Amino acid sequence: MGRVIVINSGKGGVGKTTTAINLGASLNLLGKEVVVVDTNLNTPNIGLQLGAPIVPVTLNHVLKGKASIEEAIYEHSSGTKIVPSSLSIKEITKFNTRKIPSVVRQLSQTNDFVILDSAAGFGEEVIAVIKAADEIIVVTNPEMPAVTDALKAVKVAREMGKEVNGAIVTRFKDAKYEMPLSSIKSMLETPIIGVIPEDKAVKEALNRRDAVVHTHPRSKVARKYKEIARKVAGEVVETRVSLIRRIFGIG
Ligand SMILES: Nc1ncnc2c1ncn2[C@@H]1O[C@H](COP(=O)(O)OP(=O)(O)OP(=O)(O)O)[C@@H](O)[C@H]1O
Ligand SMILES: [Mg+2]
């Protein structure tokens with residue numbers, strides 16, 4: 001059985017979809033079998049960001065009992081597997097959120113990682129998605145409203161008995177007006193597993209309908225996402241300092 005990780009934030013627009021896509025693609029680059037699922041059933045994200053906007057079968061169809069989950073898996077040209085949700089307004093009603101756990105369980109049988117990109121807020125749909133996951137990664141920006149909502153996500157997940165893997169701070173500009181990382185860390189009650197800088201490479205990747213780890217593999221954003229993927233996969237991540245120490249036999 002593969003690991004099911006939900007990417008959540010509470011607040012909207014902080015970088016969940018960008019993180020889900022790039023974490024999924026980075027785990028894929030590590031040789032893991034990965035599927036990234038768009039659980040934004042009302043306002044789909046993944047298909048649009050990866051250039052597969054109109055597909056015949058989506059997660060919405062599966063939840064309505066109109067198709068099997070296998071029929072809703074698409075392979076992006078980069079090799080990342082995705083399950084998009086529907087753009088059609090006809091499909092945004094009457095889906096059965098209670099079916100989400102069984103659909104996710106099915107995906108975890110054939111994948112090492114199932115990455116669930118969730119919607120903002122804590123509505124019924126989002127709660128069903130968190131319930132279906134084993135672990136949660138919380139995404140936030142370095143500002144108080146985002147961190148406050150991320151803390152809510154941590155608490156909701158813990159109340160539901162989920163393992164909190166940690167937080168990712170995205171769109172970090174290292175500016176004086178931002179909330180310091182130390183304050184974010186102490187407020188969130190969970191470790192920060194990565195800090196992703198603000199970088200136009202993310203928008204360029206979006207324009208090219210691909211993950212930034214594919215379009216700009218040497219950018220800092222890509223390197224950081226790949227480092228997070230190694231941490232999530234349980235591989236030892238060597239920092240520059242520890243690498244130098246190892247090479248020179250120090251410590
Ligand atoms: N590190 C980054 N540098 C620059 N722009 C970024 C970065 N991360 C995300 N963005 C941009 O921020 C915007 C919001 O990102 P994204 O769609 O991933 O957020 P989200 O949390 O999934 O939003 P929603 O709650 O609407 O689903 C997008 O335009 C994205 O390209
Ligand atoms: Mg999103």
Side-chain angles (χ1 to χ4, degrees), residues 5-26 36-53 58-60 76 80 82-87 92 115-130 133 136-143 145-154 156-157 167-175 178-179 181 184 192-229:
I5 306 178
V6 59
I7 311 296
N8 188 265
S9 62
K11 191 172 183 298
V14 294
K16 291 181 294 297
T17 301
T18 307
T19 298
I21 289 172
N22 284 287
L23 177 61
S26 300
V36 184
V37 185
D38 190 349
T39 68
N40 278 269
L41 293 158
N42 295 307
T43 50
N45 287 185
I46 301 270
L48 288 172
Q49 293 208 17
L50 289 180
T58 64
L59 182 60
N60 304 57
H76 183 253
T80 307
I82 57 170
V83 173
S85 58
S86 183
L87 279 173
I92 64 172
I115 308 292
L116 306 176
D117 176 30
S118 77
F122 297 102
E124 186 198 340
E125 173 190 316
V126 174
I127 294 297
V129 171
I130 299 177
I136 183 170
I137 291 178
V138 173
V139 177
T140 188
N141 295 149
E143 55 188 36
V147 179
T148 308
D149 283 355
L151 177 61
K152 278 184 216 154
V154 169
V156 166
I168 298 176
V169 180
T170 61
R171 311 202 67 169
F172 181 70
K173 300 185 192 75
D174 202 10
E178 285 179 333
M179 205 171 153
L181 290 173
I184 299 174
I192 294 175
I193 56 171
V195 179
I196 310 289
E198 172 82 13
D199 190 336
K200 67 176 176 23
V202 173
K203 307 272 190 219
E204 286 168 7
L206 191 61
N207 280 338
R208 287 164 63 180
R209 304 283 184 262
D210 203 346
V212 71
V213 296
H214 293 140
T215 59
H216 300 72
R218 286 166 203 272
S219 65
K220 194 166 176 194
V221 177
R223 282 189 281 119
K224 288 288 172 190
Y225 273 122
K226 286 189 263 191
E227 190 179 300
I228 293 168

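Everything numeric here is computed off the predicted structure, so don't read it as measured data. Atoms considered below: every heavy atom in the structure, side chains included; atoms not considered: hydrogens, waters and symmetry mates. Start at 1 and go down the list; that is how both ligands and their atoms are numbered.
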Does any non-hydrogen side-chain atom of [Y] lie less than 4.5 Å from one of [X]?
{"X": "Ile21", "Y": "Ile115", "value": "no"}
{"X": "Phe122", "Y": "Lys152", "value": "yes"}
{"X": "Val221", "Y": "His216", "value": "no"}
{"X": "Leu116", "Y": "Ile7", "value": "no"}
{"X": "Ile168", "Y": "Ile137", "value": "yes"}

Any nitrogen or oxygen of [X], side chain or backbone, less than 3.5 Å from one on ligand 1?
{"X": "Gly12", "value": "no"}
{"X": "Gln49", "value": "yes"}
{"X": "Ser9", "value": "no"}
{"X": "Lys203", "value": "yes"}
{"X": "Val202", "value": "no"}
{"X": "Ile196", "value": "no"}
{"X": "Thr18", "value": "yes"}
{"X": "Asp199", "value": "yes"}
{"X": "Val14", "value": "yes"}

Nearest option to [atom], as decided by whichever heavy atom of [options] sits closest:
{"atom": "atom 8 (N) of ligand 1", "options": "Lys220, Arg171, Glu198", "value": "Arg171"}
{"atom": "atom 25 (O) of ligand 1", "options": "Lys173, Lys200, Lys11, Lys16", "value": "Lys16"}
{"atom": "atom 1 (N) of ligand 1", "options": "Pro197, Gly15, Ala146", "value": "Pro197"}

Between Asn45 and the Mg ion (ligand 2), is there a contact where an N/O/S atom of the residue lies under 2.8 Å from the metal? yes
Please state whether the separation between the Mg ion (ligand 2) and some N/O/S atom of Ser118 is under 2.8 Å? no
Name the closest protein heavy atom to atom 14 (C) of ligand 1, giving the residue it belongs to and the distance to 0.1 Å. Gly13 O, 3.6 Å
List the steps, then state whether side chain to side chain donor-acceptor pair (under 3.5 Å) holds for Asn45 with Thr17. CA-CA 7 Å; Asn45 287 185; Thr17 301; 2.8 Å; yes
Atom indices of ligand 1, in the order listed, that fall short of 4.0 Å to a heavy atom of Asn45: 22 (O), 27 (O)
For a quick check under 3.5 Å, do Ser9 and Lys16 share a side-chain donor-acceptor pair by atom type? yes
Can you see whether Thr19 engages Tyr225 through a side-chain donor-acceptor pair at a distance of less than 3.5 angstrom? yes
Between Glu204 and Lys200, does any side-chain N to carboxylate O distance fall below 4.0 Å? yes
Among Asn22, Leu23, Ile46, side-chain contact (heavy atoms from CB on, under 4.5 Å) partner for Val36: Ile46
